[in-house]
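Here the structure is laid out as structure tokens; the discussion comes afterwards.
First listed ligand is number 1; within each ligand, the first listed atom is number 1. Nothing fancy with the numbering, it's 1 onward along the sequence.
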Amino acid sequence: MTISTQKLYDEASEDWIRKEPTLLSDYTARPFLLDWCQPVAGLDVLDLGCGEGYFARNLKIRGAGNIEGVDLSPEMIQRAVAEESREELGIQYRTGDATELDGFPDDCFDLVVSVFLFNYLTREQTAQAMREIHRVLRPGGRFIFAVPHPSFAFSRESSEGQAPFYFTTGDSGYFSGRDQLFEGEIYRRDGVALAVRCVHKTLADYFSSLQSAGFSKLPEIEELHVTPEMLKTDEKFFGPLVDRPLHMAFRMEKS
Ligand SMILES: C[S@@+](CC[C@H](N)C(=O)[O-])C[C@H]1O[C@@H](n2cnc3c(N)ncnc32)[C@H](O)[C@@H]1O
């Protein structure tokens, strides 16, 4: 039986705690996204699907103003709060669902970030969450998110069980697999594997969700991958993913 996403994260919360880069995507995605968020000084930020707070803490260290972190998993939020009491940065965390942001008024954030959240949501839930994000963003505010590259799950031959990152697609194809749940794993550099999921969506699905949410300008897009610098650091770890489209990052503005 498939366990709920909340339970998956509640049970694995300890393994997600990190102060330094350790997970594959701490190298291949988050540094790029943090750069893309600049300038952040003084901004009111919402981190949706914040987990144990790694990205929010990094934004705060770079000068962000008020940061609210929201996550479905009470255990992940508890870890984030515990880190906040160890080293107070002034970040507020709460348990919540990205599709229902009732606790926040219209036009109250300058920046909304979602780092690997939408791969847990169906197309309908994604569209609903993006409508909420559009509502809570101020005009001129930015929305930045990353997801597994829509073609990644299909890009590794016999990828099942292969470190350091894979999803199991079974018989599903790029189009027939829409809204289907692919289980997978992403590895830390110390060899620990973390369970992750991808509710599959095509590239066009992301565009239509954004459009229906009210984001009328074309987003900027970046396809993130292993770079020669990463390879030089640790060829054994990054080598199996060379030349694969790993993640897709989107950045756009509310008109
Ligand atoms: C891959 S983790 C990423 C955590 C964090 N953004 C980071 O970069 O370290 C995905 C997170 O999304 C959260 N999540 C999944 N579905 C959610 C939903 N509907 N609403 C809010 N958070 C959700 C999970 O609990 C988990 O903490």
What pairs with Tyr27 under ring pair (Phe, Tyr, Trp, His ring centres under 6.0 Å), at least two apart in sequence or on another chain?
-> Phe238

Side-chain donor-acceptor contacts of residues 102-117 below 3.5 Å, not counting sequence neighbours, with atom names and distances?
| unit_1 | atom_1 | unit_2 | atom_2 | d |
| --- | --- | --- | --- | --- |
| Asp106 | OD1 | Arg135 | NH1 | 2.8 |
| Asp107 | OD1 | Lys254 | NZ | 3.1 |
| Asp110 | OD1 | Arg138 | NH1 | 2.9 |
| Asp110 | OD2 | Asp44 | N | 2.8 |
| Asp110 | OD2 | Arg138 | NH1 | 3.3 |

Across all chains, not counting sequence neighbours, the side-chain hydrogen bond (donor to acceptor under 3.5 Å, both in side chains) partners of Glu223 are His149

Is any NZ, NE, NH1 or NH2 atom of the basic residue among Arg18 and Glu52 found under 4.0 Å from an Asp or Glu carboxylate oxygen of the other?
-> yes

Test: Glu222 and Arg251 ion pair at under 4.0 Å | no

Within the protein, residues bringing a heavy atom under 4.0 Å of ligand 1, chain by chain = Thr5, Tyr9, Trp16, Arg18, Arg30, Gly49, Cys50, Gly51, Asp71, Leu72, Ser73, Met76, Gly96, Asp97, Ala98, Val115, Phe116, Leu117, Tyr120, Leu121

If you round to the nearest 0.5 Å, how far is OG1 of Thr169 from CG of Leu181?
-> 12.0 Å

